[in-house]
Each structure stands twice: as structure tokens, then as C-alpha cells.
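Written below as C-alpha cells is the structure these notes are about.
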Amino acid sequence: MRLQNLHSWGISIKEAKVVQKSLSERIVKYDSFSEVKTVAGLDIGFHGDVARASCAVFSYPDCILIEEKVYDGRVNFPYIPGFLSFREIPVLASVLEMVETEPDVLIADGQGIAHPRRLGLASHLGVLADKPTIGCAKSILIGRCEEPGNEKGSYTYLIDREEVIGVCLRTRSGVKPVYVSIGNKISLESAREVVLNCCKKYRLPEPIRWAHKLASN
DNA sequence: GCGACAG
DNA sequence: ATCTTGTCGC
């Protein structure tokens, strides 16, 4: 057996890199939607062998739960920094097929273009689904940034190779910031605005918080 | 070669 | 991601 190709996608890391570079060229970095009325949060939780993918659709900007779905499946691609999407997209795609409410924007728990080859989970998902997506991560994968102000809403730019790849956003006063980046079909400004408006009482946006609960219960 | 490294 | 109770601080 070939130890390098034991993944569901049937590809090696080397080939995955080629796929990432290719798909990253398809990312649309400006707003490509009319109005945001619904936002969906996506996440995955692991329970031994099963991976529970979840999707929570909320109204925007009120943030009222509209629909929730979970899908139990398995992942066969290991977690390798820089290749998270190859591990999570299969089950996320399955749970998305169950959703009846068509979300205007998807928020993924991870990076968008704030990635070595500019194709983090949110971007990969956005290109395949051809939908607006936002990457909202709890920590940095790549890039550097200054510490933003202490008040909710303040932010600084996340930079890599002289390029702005996202923002470090304070979603709640006095609390550790999150990292927001373009996934697909949305501008960095709009991505930041949507995430901030979805943060009501906690650090993470409501759709992500709810999806997180669904995936872990 | 060494250190970093989303979830 | 996941294993896990109490504890420090506003």
C-alpha cells in the first residue's frame, strides 16, 4: 500500500497543494450578493470514531435561530495544519445538503484566505459551493498582526508577505480577539461587519456558537 | 536543519 | 479537536 495516498480524496499532500493553488485562483474577493438576511454557522465535533458536522442557520442581523441540522459521518483525512479542509469538507458538504433554508452567507470555524496557499477551509468550501463564505478562526495559522484596541469592534490587519490576508477582530471588550478572513464572494470589510454583528454576548458569532453546541452534543 | 502550525 | 474542576477576575 502507498502510505502517501491513504486519504478519502485519494490524493497526496503534494497533490493537495496543487489543488489549493488552483482553487484559490477562483476566489472572488468582493461582495457578490444582494443582501444578507440569513447566516449559517458550520462546525464539526468528534465523538470517538464519528465526526458530527453541524449547520445552524440564523436570521441576520437579529440572529434568531431558523434551522439546525447535524450529520454523523467519518473522516479519513488526518488533521494536518494547512490541509484542514480535506478533512472537514466531506462531512460539511453532507450536512449542507440537509439544510432547507438557503443561507446567504456561510461562516466556517477556520481560515478563509489567511492560509499559506490562500485556500483555508472557508475558501475551499466557498469555491466548491460557489457561495459567499467567511473564515472565523480562534487562532492564527499564518500571518502577523498588532494587538487591536480593547473595545469591541476594534481591529488590526493580519498580514503575510506584505499582503493583507484578514483582520484580528475584537468581538467583545477585554476578550481575546478572533481572526476573520475572506472565504469567497465577500469583501474583507463585509466579512468583518457580518461577524461583528453576529457577536451579541460572546466572543464567537452566534451561528458558530450554536453550531459548536450541536456538533458536541 | 529548526520552529510554527486553523480544528 | 479532545481529555477535565476549580478558580481567578470583572
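Everything numeric here is computed off the predicted structure, so don't read it as measured data. Protein chains get the first letters and strands the later ones, always in sequence-line order, with residue 1 at the start of each.
Between the side chain of A:N184 and the main chain of A:P132, no donor-acceptor pair closer than 3.5 Å is present. Remark: the backbone N or O of A:N76 is not paired with any side-chain donor or acceptor of A:R87 at under 3.5 angstrom. At distances below 3.5 Å, not a single donor-acceptor pair connects side-chain atoms of A:E206 with backbone N or O atoms of A:C198. Listed for the A:S59 side chain is a donor-acceptor partner under 3.5 Å among the backbone atoms of A:I64. Not one N or O on the side chain of A:E67 forms a donor-acceptor pair closer than 3.5 Å with the backbone of A:V99.
Annotation: A:F33, atom CZ; neighbour count of heavy atoms from other residues, nucleotides and ligands within 6.0 Å is above 12.
The pair A:R26-A:D130 does not count as a salt bridge, with every side-chain nitrogen at least 4.0 angstrom from each carboxylate oxygen. Classification of A:E102 and A:K131 as a salt-bridged pair holds, one side-chain N sitting under 4.0 Å from a carboxylate O.
Considering only residues two or more places apart in sequence or on other chains, A:E88 meets the salt bridge (Lys or Arg N to Asp or Glu O under 4.0 Å) condition with none of them. Under the ring-ring contact (aromatic ring centres under 6.0 Å, His included) criterion, A:H115 pairs with no residue at all, not counting sequence neighbours. For the side-chain hydrogen bond (donor to acceptor under 3.5 Å, both in side chains) test, residues two or more places apart in sequence or in another chain that qualify with A:T38 are A:D104. Every residue two or more places apart in sequence or in another chain was checked for a side-chain hydrogen bond (donor to acceptor under 3.5 Å, both in side chains) with A:T156, and none qualifies. With sequence neighbours excluded, the residues forming a ring-ring contact (aromatic ring centres under 6.0 Å, His included) with A:Y155 are A:Y157, listed by chain and number.
With a heavy-atom cut-off of 4.0 Å to chain A, the contacted part of DNA chain C has its first and last nucleotide at C:dA1 to C:dT2.
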Pairs under 3.5 angstrom only: tabulate donor-acceptor contacts from the side chains of residues 139-153 of chain A to other protein residues two or more places apart or in another chain.
unit_1: A:E147; atom_1: OE2; unit_2: A:R170; atom_2: NH2; d: 2.9
unit_1: A:N150; atom_1: OD1; unit_2: A:G174; atom_2: N; d: 3.1
unit_1: A:K152; atom_1: NZ; unit_2: A:C199; atom_2: O; d: 2.8

Contacts under 3.5 angstrom, residues 41-48 of chain A side chains, donor-acceptor by atom type, not counting sequence neighbours:
unit_1: A:D43; atom_1: OD2; unit_2: A:H212; atom_2: ND1; d: 2.9
unit_1: A:H47; atom_1: NE2; unit_2: A:S216; atom_2: O; d: 3.0

Legend entry - Paired and unpaired positions of DNA chain C as dot-bracket, Watson-Crick or G-U wobble under 3.5 Å, | denoting a partner strand: ..........

Inset, instruction - Quick one: the dot-bracket string of DNA chain B, using Watson-Crick and G-U wobble pairs with both distances under 3.5 Å, [ ] for crossing pairs and | for bases paired to another strand. - result: .......

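Residues from residues 190-199 of chain A that place a heavy atom under 4.0 Å from any atom of DNA chain B: there are none.
Looking at heavy-atom distances under 4.0 Å, A:H124 makes no contact with the nucleic acid at all.
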Inset, instruction - Assign a letter to each nucleotide of nucleotides 2-7 of chain B from its 5' end: B, base within under 4.0 Å of a protein heavy atom; S, sugar-phosphate only; -, no contact. - result: ---BBB

